[in-house]
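Computed from a predicted model, the values in this text were never measured in an experiment.
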Amino acid sequence: MTSSMTLELPDDRHDRLRRLVEATGERTKAGALDVAVKHYLADLRNKEAVVDDLPADVVDELSTPYLPIERSTSVGRE
């Protein structure tokens with residue numbers, strides 16, 4: 001079963017999607033979006049795996065509004 005989706009594309013979104021297709025080397029918008037989603041999820045997983053080992057300034061640099069990362073610190077005695 002095939003489903004289709006229509007995306008409303010204002011000029012800025014159309015431009016970003018065009019650049020994504022070019023950057024990924026994909027031939028279709030769907031293929032480019034699939035690559036971008038896979039990248040986003042892998043990037044998030046990788047960042048979450050190492051975030052506690054990074055200096056705070058590096059965490060700030062790696063965090064974006066689209067892929068925010070945070071680290072938690074706890075201090076205590078055993």
Side-chain angles (χ1 to χ4, degrees):
M1 182 165 120
T2 303
S3 65
S4 63
M5 177 175 52
T6 302
L7 297 174
E8 188 175 323
L9 295 175
D11 288 343
D12 60 330
R13 181 181 273 181
H14 179 75
D15 183 57
R16 283 193 306 269
L17 188 52
R18 179 191 54 77
R19 289 185 290 135
L20 180 65
V21 170
E22 290 174 5
T24 60
E26 290 292 318
R27 286 180 262 178
T28 64
K29 294 172 191 169
L33 289 170
D34 190 42
V35 167
V37 168
K38 288 176 183 178
H39 169 75
Y40 178 98
L41 295 173
D43 193 36
L44 179 60
R45 187 175 45 251
N46 291 340
K47 286 177 178 177
E48 288 175 341
V50 300
V51 70
D52 290 334
D53 299 327
L54 300 173
D57 60 324
V58 173
V59 172
D60 290 342
E61 289 293 320
L62 293 175
S63 184
T64 69
Y66 314 107
L67 187 61
I69 60 171
E70 298 175 351
R71 80 182 206 185
S72 59
T73 304
S74 60
V75 178
R77 280 195 263 184
E78 292 185 17

Item checked: side-chain contact (heavy atoms from CB on, under 4.5 Å) partner of Glu26, the single match among Asp34, Val35, Leu33 -> Val35
Note to self: If we ignore hydrogens and angles and just use 3.5 Å, is the side chain of Thr24 paired with the main-chain N or O of Leu20 as donor and acceptor?
What the structure shows: yes
Notebook entry, point to check: Above 12 or not: heavy atoms from other molecules or residues under 6.0 Å from CD of Glu22?
Noted result: yes
Check: Among Asn46, Val50, Leu44, Asp52, which one satisfies side-chain contact (heavy atoms from CB on, under 4.5 Å) with Glu48?
Finding: Leu44
Margin query: Donor-acceptor check, side chain of Asp43 to backbone of His39, threshold 3.5 angstrom: yes or no?
Written below: no
Next item on the list: Work out which heavy atom in Lys29 is nearest to a heavy atom in Val21; give both atom names and the distance.
Entry: CA-CG2, 4.0 Å
Check: Same cluster for Val51 and Val58 if Ile/Leu/Val/Met/Phe/Trp/Tyr side chains link at under 4.5 Å?
Finding: yes
